[in-house]
Amino acid sequence: MDNRTFYIRTYGCQMNESDSERISGTLIDNGYSMVATPDEADLVVLNTCSIREGAENKVYSDLGRLRILEAERGTPMQVAVAGCVAQQEGEKILSRDRSVDLVFGSRAIGKLPEMLPRLEAGERFAELNVHTRPDEPGTHVRADGHRAFVTIMEGCDNHCAFCVVPATRGPEVSRRPEGIVAEVEQLAAEGYVEVTLLGQNVTSYGKGLDTDFADLLTRIHAIPGIRRIRYTTSHPKDFSDRLIDTLADCPKVVRHLHLPLQSGSDAVLARMGRGYTVAEYRRKIDRVRAKVPGIAITTDMIVGFPGETDADHQATLRAVREIGYFNLYGFKYSRRPGTTALTLDGHLDDEVRSARLIELLALQKEITLERHASLVGQTREVLVEGESKRNASRLSGRLEENVLVHFEGDPEWIGTVRPVRITEATVSALIGEVH
Ligand code: 5AD
Ligand code: SF4
């Protein structure tokens, strides 16, 4: 069937963004064209996330809105639900919502070319649990011509008590290094200057392949044309001295490390099953700061995990203050289906969890502002990303530290690295000038 149109909406993390790029590329390879609103689309894909509570309900309410839209416009719309909610709910989605035609998990994306003719013939079905190696990257439609996501692994073998990911994305599987290197070489040839290596747990990359993440970084670092290498997410328990030495030896690997601590209390970390203590984590931070001076560290933190006492919470605030993160993503603990945290005692009221989150975020805001203010007066390299969203006469870009900078400049600079003098700092961004 030719000339079919699709619209895709992405929820959640960068892994999902990358999956959506691949879903879009596959659809285009199969004769579809992308449109900017669901109203114009023959096929709407919702690429969903289930990391926190309420995600399923959000998907069902979006599906309701699509049903209304379809009735209003009077022409048929097919709907596919992909991603983590698809994997978690499976066939249930088909029976609960008659407007859904296809449900597929993130590991079934490679089978889309076989699914499409069935979908187009009017079949309603779910494609889950296809466990293939993510070796073939497929075609991606990338949002930006200068920065690209590259998936290096899928799934997670850890079993953090709060986390639904091992259930939705399955066990860890690493892509072969040759395929990753070839993909990055191709990106460099197309003019990309920054890659972000993606995986649920990149620091354990290479299991079963006789290689590891440090080796992979070294190989990617050697590719001419690539100026910045980002990676996410790292796990403290696999963040090794060898990897720290590699970060120090590879200047194109950005001076930014996202290292989720999750809690500043050893008792809570143990109940979460994280596999490290606060002191062990801090030793790694000290070491990476000594070897890579100026590295900006960011983190994820969960407040209100079952059994978290006020003293545990104070320990989290203390850790945040002492470590001095550039930024953090703070979350209220939320109950996820099938996770072991559900069976723990001491689940806390929403009131307590909310109050703790407000306190944590207020503290981080002060620290972020201090960190940003410390950059004022410096001239730093900025990778120019585009016109500023708020003010089209301005450009915006990022420091290695991943901090956003706004400045006046020529749109021709987009995709290049420019020296920018930082003149002002706010919590959300920096202001600078090129001279
Ligand atoms: N409740 C709250 N936050 C969670 N995260 C993962 N699962 C949960 C949950 N059940 C957070 C963790 C993780 C980030 C991506 O989302 O901090 O690092
Ligand atoms: Fe979830 Fe823990 Fe795996 Fe991260 S490392 S995806 S938090 S189980």
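The shown structure was predicted, so the numbers you read here are calculated from the model rather than taken from an experiment.
The shortest distance between side-chain heavy atoms of D62 and R9 falls below 4.5 Å. Under the 4.5 Å side-chain criterion, counting only non-hydrogen atoms from C-beta, F331 is not in contact with L360. Using a 4.5 Å heavy-atom cutoff, the side chains of I229 and V184 are not in contact. With contacts defined as side-chain heavy-atom distances shorter than 4.5 Å, the pair E400/R228 qualifies.
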### Query
How far apart are the C-alpha atoms of T298 and H256, what are their side-chain angles, what is the distance that settles it, and do they pass the side chain to side chain donor-acceptor pair (under 3.5 Å) test?
CA-CA 8 Å; T298 57; H256 170 221; 2.9 Å; yes
### Task
Report the C-alpha distance between S18 and E21 in whole Å, list the side-chain angles of each, state the deciding distance to 0.1 Å, and finish with yes or no for side chain to side chain donor-acceptor pair (under 3.5 Å).
CA-CA 5 Å; S18 176; E21 292 177 350; 4.7 Å; no
### Task
Please report the C-alpha distance between S240 and D238 in whole Å, then the side-chain angles of each, then the deciding distance to 0.1 Å, and finally whether the side chain to side chain donor-acceptor pair (under 3.5 Å) criterion is met.
CA-CA 6 Å; S240 66; D238 315 305; over 6 Å; no
### Query
Under the side chain to side chain donor-acceptor pair (under 3.5 Å) criterion, do R107 and Q87 qualify, and how do the steps go?
CA-CA 9 Å; R107 294 217 175 155; Q87 191 66 44; over 6 Å; no
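D144 has a carboxylate O that lies under 4.0 Å from a charged side-chain N of R147, or vice versa, which qualifies the two as a salt bridge. The existence of a salt bridge linking E183 and R142 is confirmed by a sub-4.0 Å separation between a basic side-chain nitrogen and an acidic carboxylate oxygen. Salt bridge present: R287 and D245 bring a charged side-chain N and a carboxylate O closer than 4.0 Å. For the pair D241 and K284, the salt-bridge criterion is not met [side-chain N within less than 4.0 Å of a carboxylate O]. The pair R65-E70 fails the salt-bridge criterion, with no side-chain N (NZ, NE, NH1 or NH2) lying under 4.0 Å from an Asp/Glu carboxylate O. Between E194 and R398 there is no salt bridge, since no side-chain N of the basic residue sits under 4.0 Å from a carboxylate O of the acidic one. Between E53 and R336 there is no salt bridge, since no side-chain nitrogen of the basic residue lies less than 4.0 Å from a carboxylate oxygen of the acidic one.
Between the CG atom of L404 and the CG atom of L399 there is a distance of 9.0 Å, given to the nearest 0.5 Å. Going from atom CG of N158 over to atom CZ of R274 covers 7.5 Å, rounded to the nearest 0.5 Å. Between the CZ atom in F162 and the CD1 atom in I302 there is a gap of 4.0 Å [rounded to 0.5 Å].
Listed here is the closest heavy atom pair of P38 and L66: CB-CD2, 3.9 Å.
By the neighbour-count criterion of 12 heavy atoms within 6.0 Å, atom CG of N57 is densely surrounded, having more than that number from other residues, nucleotides or ligands. By the neighbour-count criterion of 12 heavy atoms within 6.0 Å, atom NZ of K58 is sparsely surrounded, having that number or fewer from other residues, nucleotides or ligands.
The side chain to side chain contact (heavy atoms under 4.5 Å, CB included) test applied to A214 returns D212, R242, L243, T246, not counting sequence neighbours. In terms of the ring-ring contact (aromatic ring centres under 6.0 Å, His included) criterion, residue partners of Y329 (sequence neighbours excluded) are, by chain and number, H258. With sequence neighbours left out, E401 forms a side-chain hydrogen bond (donor to acceptor under 3.5 Å, both in side chains) with R380. Considering only residues two or more places apart in sequence or on other chains, R289 meets the salt bridge (Lys or Arg N to Asp or Glu O under 4.0 Å) condition with none of them. Not counting sequence neighbours, R394 has no partner by the side-chain hydrogen bond (donor to acceptor under 3.5 Å, both in side chains) test. In terms of the side-chain hydrogen bond (donor to acceptor under 3.5 Å, both in side chains) criterion, K365 has no residue partners (sequence neighbours excluded).
Ring-plane geometry between F326 and H372 is classed as tilted, the angle between the planes lying from 30 to 60 degrees on a 0 to 90 degree scale.
Among the candidates E172, H235, K237, the single residue satisfying the side chain to side chain donor-acceptor pair (under 3.5 Å) test with S204 is E172.
For F213 and Y231, the distance between ring centers is under 6.0 angstrom.
Both tests hold for R96 against Y60: distance to the six-membered ring centre under 6.0 Å, angle to the ring axis within 45°.
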